[in-house]
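Quick notes on the structure that follows.
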Amino acid sequence: MSSGEEKLLKISKIKEGTVIDHIPAGKALKVLSVLRIDRGCNHTVSIGINIKSKKLNHKDVVKIESRFLEKNELDKISLVAPDATISIIRDYEIYEKFRVELPDSVVGIINCNNQNCITNSGEPVPPEFKVKSKKPLVLTCVYCERNMGEGEVHSLL
Amino acid sequence: MKTNRSLVSVEDLSTEELMDLFKLSTDMDRDLRSGKRLTEMQGKIMATLFYEPSTRTRLSFESAMRRLGGSVISVADPRSSSAAKGESLADSIRVVSSYSDLIIIRHPLEGAAKLASRFSSVPVINAGDGSGQHPTQTLLDLYTIHREFGRIDDLTITVLGDLKYGRTTHSLLLALARFEVRVNLVSPPILKVPSHILDRVKSSLQMVETDSLESVIEDTDVLYVTRIQKERFADMNEYRSVIGSYSVVRETVDLMKQQSIILHPLPRVDEIDENVDNDKRARYFEQAAYGVPVRMALIHKILE
Ligand SMILES: Nc1ncnc2c1ncn2[C@@H]1O[C@H](COP(=O)(O)OP(=O)(O)OP(=O)(O)O)[C@@H](O)[C@H]1O
Ligand SMILES: [Mg+2]
Ligand SMILES: [Zn+2]
């Protein structure tokens, strides 16, 4: 464990909650916004930005007390931080640890950015994309066949 | 081709299925010319739902179904009936598919045919969705090329005109990507192929983008001309300055190979001069005529 992480641990050891580790440097705030933490939430949140890391050079970490994430939220995180590690903390210990996984199709999470796409006209279907490429991220709308790159996807999340 | 299957995108067909379809189209064309009475679609009903105006595509579909002995039902103008009452496309399709064996849809929004295929209990054929695809136009374009040259591979195809908004050219490029062809994309700078289409074909197509028809005309085997619409230009002076260099006239054709051909999805306005019509290289009316046998073959393959 690097000294940077030890320091962070001291700052923010939590009793119960979720640690999102290995977020690409600079994307922590995007992760918070995806989890709607930027618009009012009563959980204590600690954020580490640009932490030195063996695996990623630099990374961001988010720790949320007393909150556990749902599948749909993990899918959203995977679009921002495809290599993120999730640690579920109970009684100060890691109770469960796993990596997020970018699903093969992204359904009902973001709208198609093609205004002329049938999914933007009130039809009873969720927007649906196939993951065409994981790195770099490219999503293809199943309906209008348009591609969206990482920048577009993140701006829609 | 698997039966009972929709055709939303040209990519829904394998190359083998395409070649099969071409063979059957030629058979259908021969039957039509011989005046043979066909009855294989007797008792079958095709519904046409055109949320956007069309003449040729709709007529050729209806003609194809009737030539096969089937019948046709259609809504005169679905925009002013169900859609105007606020009914979703999904609901309209659920209902119409219970009245018919096959649905032909044209719609101004991209992905409409895909959505229709998901809600329909019968096969759906995309007759154009917004600036998305127009796969049956592409089938008859490819069929015409194949019939003229006996192949599609190893040809130089020059696509001219509005490459930005024209869905026929988008569909055509996506289909050409699976063949070994050279493609010249000739358009005014403001009407170039959009990046979302280029991105999908650039790894598999050998392409040259240019605004000069002259620079590529001599090497061209197939000149595919499309209409440049006035409405696309904010400035009429720009339109007038551009339009001349993208019109095909006698002098243009004189530069072309003897064995080359000129195609156009029609309607033509003034991008091909009428003086060109009598040249043996002008094949756009044959191309339009193939619309019926190709659609007959497609209906047959889908419903057989
Ligand atoms: N009780 C706790 N409170 C807050 N954060 C914790 C707690 N326990 C572990 N963490 C954090 O959870 C993450 C995963 O912990 P772990 O001990 O598995 O780290 P690691 O050995 O660096 O693993 P990795 O190989 O995933 O980097 C680290 O970011 C760590 O700082
Ligand atoms: Mg670590
Ligand atoms: Zn779309």
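Labels below follow one simple rule: chain letters A, B, ... track the order of the sequence lines, proteins then strands, and each chain is numbered from 1.
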Within a radius of less than 6.0 Å around [atom1] of [X], do more than 12 heavy atoms belonging to other residues, nucleotides or ligands occur?
| X | atom1 | result |
| --- | --- | --- |
| A/Tyr95 | OH | no |
| A/Phe98 | CZ | yes |
| B/Glu87 | CD | yes |
| B/Glu180 | CD | no |
| A/Lys134 | NZ | yes |
| B/Asp235 | CG | yes |

Region of A/Asn114 in contact with chain B, defined by heavy-atom distances below 4.5 Å: side chain
Checking an interface table here. Which of residues 135-147 of chain A come within a heavy-atom distance under 4.5 Å of chain B? A/Val142, A/Tyr143, A/Cys144, A/Glu145, A/Arg146, A/Asn147
Heaviest contributor of heavy-atom pairs below 4.5 Å to chain A, chosen from B/Ser88, B/Gly132, B/Ser131, B/Ser9, is B/Ser88
Looking only at B/Val8, B/Asp129, B/Asp91, B/Leu115, most heavy-atom pairs under 4.5 Å shared with chain A are made by B/Leu115
Mind checking the CG-CD spacing from B/Leu109 to A/Glu123? Nearest 0.5 Å is all I need. 8.5 Å
What's the spacing between A/Gln115 CD and B/Glu110 CD if we round to 0.5 Å? 11.0 Å
May I ask you to say whether B/Arg118 pairs ionically with A/Glu128, meaning some side-chain N is under 4.0 Å from a carboxylate O? yes
Contact part of B/Pro108 toward chain A, heavy-atom cut-off under 4.5 Å: side chain, backbone, both or neither? backbone
